[in-house]
Each structure stands twice: as structure tokens, then as C-alpha cells.
Chemist: 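There's a structure below that I have some questions on.
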Amino acid sequence: MTGPDHVKYYALTLLCPMLLMAGLTYGLGEAIFARLAGEAELNRALAAGRTPLWNDLTDVPSSLSDTPYIVALTALAAVVFRFVHRRWRESIFLIAAVWSQSLVFLATTGAVGRRRPPVPHLDEAPPTSSFPSGHVSAAVAFYCGVALVLTARVRSPALRVVIWALAAAVPPAVAFARVYRGMHFLSDVLWGLLLGTACVVMAARAFLRGRAARTAGSG
């Protein structure tokens, strides 16, 4: 494709969907989720039932999507995919999936400005607001993005199931841990799941499917 064609293609497959997701995230966070009544009851119930064992167990999935880990793991996976596939397409896809959700998150969380649940927090609260959950959206984008790349080369149906089962288990585990540890309301993590999924689909459409496979990073 020519230069203008590339600009048009990525505007339609990346920029416009990101703007749409940012608008939806801000609109729902401001108009609906930020005003939901009674959500804190779940956080209070979980906080009241905390035990040392579950405090330790939930620390692991909560840490799986910490920003330093996601940044480092994304960079490592991108290098590995470039070496294995001998092209940039899969690496660019993963980077786009992870960073698109991050950009939408950063563009909206401050504007929504939702306070975190009124319970003791077991993790250090970042300066961003409670909505949406960046930990959960990052978990979907990275772990499911990696699974999508890996299963594209795996012929064994059983192995595909194993890979997807492991990848798909991480985001719900992160979501539960973040709610249990008092860092998010339920609606925060649910929208994080949707945001991460949307970004994986968007990046796959832009870089891995059909016309994208002939356009992005094939060298």
C-alpha cells in the first residue's frame, strides 16, 4: 500500500477504535459506573472475610499485571516472537494490544476520577482512579495476546486448549484479587475485562488478519 493508504488503514483499524473505546470508557464511567449504588458492599464483605492465607494468595495474581512486569514481559515476548517468526507482525500486534489499552486507560481514568473502595487497601494505590481497572485490561491484553500468537502455530487441539485455558484464567484471577484487596469495585474490573478484550481484537484485526497480514511487519 502507498503512504496515504497506510495512514487510512491504521486510522480505521487502530485510531478510530481506540477513540471509540475511550469515549465509551469515559461515558460509562462518568454516567453509570461512577454512580452505582451499593457496589461497596461487596468490597466490605470481602474485606471483612480476609484471612492471611487469602491475602498471600491474592498477592500473586494482583502482581501479575503490575506495570513494570507487563512492560518487561511485553518487551521480552516481542523479542522472542521476532526471533521465532523472523518478522515483526506478531511482535507489533502484542505491543499494540498492550499499549492501546494502556493509552485508553490513561486517557480516561483521571477524567472519570472514581475513588477507590472505602476499605483497607492491601496494595499501594497508584495515583490513577479506580475506574477502569488497568491491571485487568493489561492482563487480558498481554496474556490473551500471547495465547493468540502461540496457538496460531500450534497444531495440537489439546495444546491449544491448554494454552487458552491458562491465558484465560489469568484476567479473572487478577480481577478477583483486585476487588478482594480493596483496589477496585466490581464494575471497574468488568470494564477492564471488556477493554482488554476489545484491544486484543482491534490489534489482531489490524496486524494479524487478512489485509493486515500482508501490510504489517511482514519483513
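In this chain, numbering begins with 1 at the start of the sequence shown. Only heavy atoms go into these numbers, but all of them, side chains included; no hydrogens, no water, no symmetry mates.
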Chemist: What heavy-atom pair brings Phe93 and Gly145 nearest, and what distance separates the two atoms?
Modeler: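 Shortest heavy-atom contact: CE2-O, 3.4 Å.
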Chemist: Applying salt bridge (Lys or Arg N to Asp or Glu O under 4.0 Å), which residue pairs with at least one partner in residues 163-179 are found, sequence neighbours left out?
Modeler: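 Applying salt bridge (Lys or Arg N to Asp or Glu O under 4.0 Å) to every pair that reaches into residues 163-179, excluding sequence neighbours, yields Asp123-Arg178.
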Chemist: Find out whether Val80 and Phe83 are in side-chain contact, i.e. whether some heavy atom of one side chain is under 4.5 Å from a heavy atom of the other.
Modeler: no
Chemist: Check whether Val140 and Phe185 end up in the same hydrophobic cluster, where Ile, Leu, Val, Met, Phe, Trp and Tyr are linked by side-chain heavy atoms less than 4.5 Å apart.
Modeler: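 Looking at the clustering, Phe185 is in a separate group from Val140.
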Chemist: Hey, what do you get for CD (Glu39) to CG (Leu186), rounding to the nearest 0.5 Å?
Modeler: 6.0 Å
Chemist: For Phe105 and Gly134, which heavy atoms make the closest approach, and how far apart are they?
Modeler: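 Minimum heavy-atom contact is CE1-N, 3.7 Å.
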Chemist: Are Val201 and Ile92 linked, directly or through other ILVMFWY residues, by side chains that come within less than 4.5 angstrom of each other?
Modeler: no
Chemist: Above 12 or not: heavy atoms from other molecules or residues under 6.0 Å from CH2 of Trp99?
Modeler: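 Not more than 12 within 6.0 Å, no.
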Chemist: On a heavy-atom basis, which atom in Leu193 and which in Pro171 lie closest, and how many Å separate them?
Modeler: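 So the two residues come closest at CD2-CB, 3.6 Å.
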Chemist: Within the distance-only criterion (no hydrogens, no angle test), does the side chain of Ser137 pair as donor or acceptor with the backbone N or O of Gly196 below 3.5 angstrom?
Modeler: no
Chemist: Between Phe131 and Thr109, does the side chain to side chain contact (heavy atoms under 4.5 Å, CB included) criterion hold? Intermediate values first, please.
Modeler: CA-CA 6 Å; Phe131 180 87; Thr109 185; over 6 Å; no
Chemist: Please check this pair: side chain of Thr108 against backbone of Val104, looking for a donor-acceptor N/O pair closer than 3.5 Å.
Modeler: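 Side chain of Thr108 to backbone of Val104, a donor-acceptor pair under 3.5 Å: yes, one is there.
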Chemist: Roughly how far, to the nearest 0.5 Å, is the OG atom of Ser129 from the NE2 atom of His184?
Modeler: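 Output value for this atom pair is 9.0 Å.
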Chemist: Test side chain to side chain contact (heavy atoms under 4.5 Å, CB included) on Ser100 and Met202; report intermediate values, then the result.
Modeler: CA-CA 9 Å; Ser100 60; Met202 174 193 71; 3.3 Å; yes
Chemist: In Å and rounded to the nearest 0.5 Å, what is the CG to SG distance from Leu166 to Cys144?
Modeler: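 It comes to 11.0 Å.
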Chemist: Go through the steps to decide whether Gln101 and Met21 satisfy the test side chain to side chain contact (heavy atoms under 4.5 Å, CB included), and finish with yes or no.
Modeler: CA-CA 9 Å; Gln101 63 79 30; Met21 285 303 302; over 6 Å; no
Chemist: At what distance, to the nearest 0.5 angstrom, does CG of Leu94 lie from CZ of Phe81?
Modeler: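 Going from the CG atom of Leu94 to the CZ atom of Phe81 covers 6.0 Å.
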Chemist: Given the rule in the side chain to side chain contact (heavy atoms under 4.5 Å, CB included) test, do Ile95 and Thr74 qualify, once you have shown the distances and angles that lead to the verdict?
Modeler: CA-CA 7 Å; Ile95 293 171; Thr74 300; 4.2 Å; yes
Chemist: Looking at every heavy atom in both Cys199 and Ala97, which two are closest together, and how far apart are they?
Modeler: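 Taking Cys199 first and Ala97 second, the nearest heavy atoms are CB-O, 3.7 Å.
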Chemist: What are the two closest heavy atoms between Ala139 and Val170, and how far apart are they?
Modeler: CB-CG1, 4.4 Å
Chemist: Using the side chain to side chain contact (heavy atoms under 4.5 Å, CB included) definition, which of the options Arg114, Arg116, His135 pairs with Asp188?
Modeler: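 Passing option: Arg114.
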Chemist: Would you indicate whether the side-chain heavy atoms of Val84 and Glu90 approach each other to under 4.5 Å?
Modeler: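 With C-beta onward as the side chain, the pair stays apart.
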Chemist: Determine the sole option in Val174, Leu73, Val200, Leu148 for which the side chain to side chain contact (heavy atoms under 4.5 Å, CB included) test with Tyr143 is passed.
Modeler: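 Only match with Tyr143 under side chain to side chain contact (heavy atoms under 4.5 Å, CB included): Leu73.
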Chemist: Within a strict 4.5 Å, meaning less than it, do heavy atoms of the Pro61 and Phe176 side chains meet?
Modeler: no
Chemist: Out of Asn55, Thr58, Asn43, which residue meets the side-chain hydrogen bond (donor to acceptor under 3.5 Å, both in side chains) rule with Tyr180?
Modeler: Asn55
Chemist: Take a 6.0 Å sphere around CZ of Arg115 and say whether it holds more than 12 heavy atoms from other residues, nucleotides or ligands.
Modeler: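 At most 12 heavy atoms, drawn from other residues, nucleotides or ligands, come within 6.0 Å of this atom.
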Chemist: Treat each ILVMFWY residue as a node, draw an edge where side-chain heavy atoms are under 4.5 Å apart, and state whether Leu122 and Leu53 are in one component.
Modeler: yes
Chemist: With a 4.5 Å limit on heavy-atom distance, are the side chains of Ser133 and Trp191 in contact?
Modeler: no
Chemist: What heavy-atom pair brings Ser62 and Ala177 nearest, and what distance separates the two atoms?
Modeler: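 For Ser62 and Ala177, the tightest heavy-atom pair comes out as N-CB, 3.9 Å.
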Chemist: Any heavy-atom pair between the side chains of Val189 and Met183 that's under 4.5 Å?
Modeler: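 No, side chains not in contact.
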Chemist: Answer yes if Leu106 and Val112 sit in the same cluster of Ile, Leu, Val, Met, Phe, Trp and Tyr residues linked by side chain heavy atoms under 4.5 Å apart, and no otherwise.
Modeler: no
Chemist: Testing the 3.5 Å rule here: is there a donor-acceptor pair between the side chains of Thr151 and Arg160?
Modeler: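 No donor-acceptor contact under 3.5 Å links the two side chains.
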Chemist: Say you draw a straight line from CG of Leu190 to CG of Leu195; how long is it, rounded to the nearest 0.5 Å?
Modeler: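 One gets 12.5 Å once the value is rounded to the nearest 0.5 Å.
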Chemist: With a 4.5 Å limit on heavy-atom distance, are the side chains of Leu46 and Leu42 in contact?
Modeler: yes
Chemist: How many angstroms lie between CG in Leu15 and CG in Leu20, if you round to the nearest 0.5 Å?
Modeler: 11.0 Å
Chemist: Would Val154 end up clustered with Leu208 when hydrophobic side chains under 4.5 Å apart are linked, directly or stepwise?
Modeler: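 The answer is yes; both residues are in one hydrophobic cluster.
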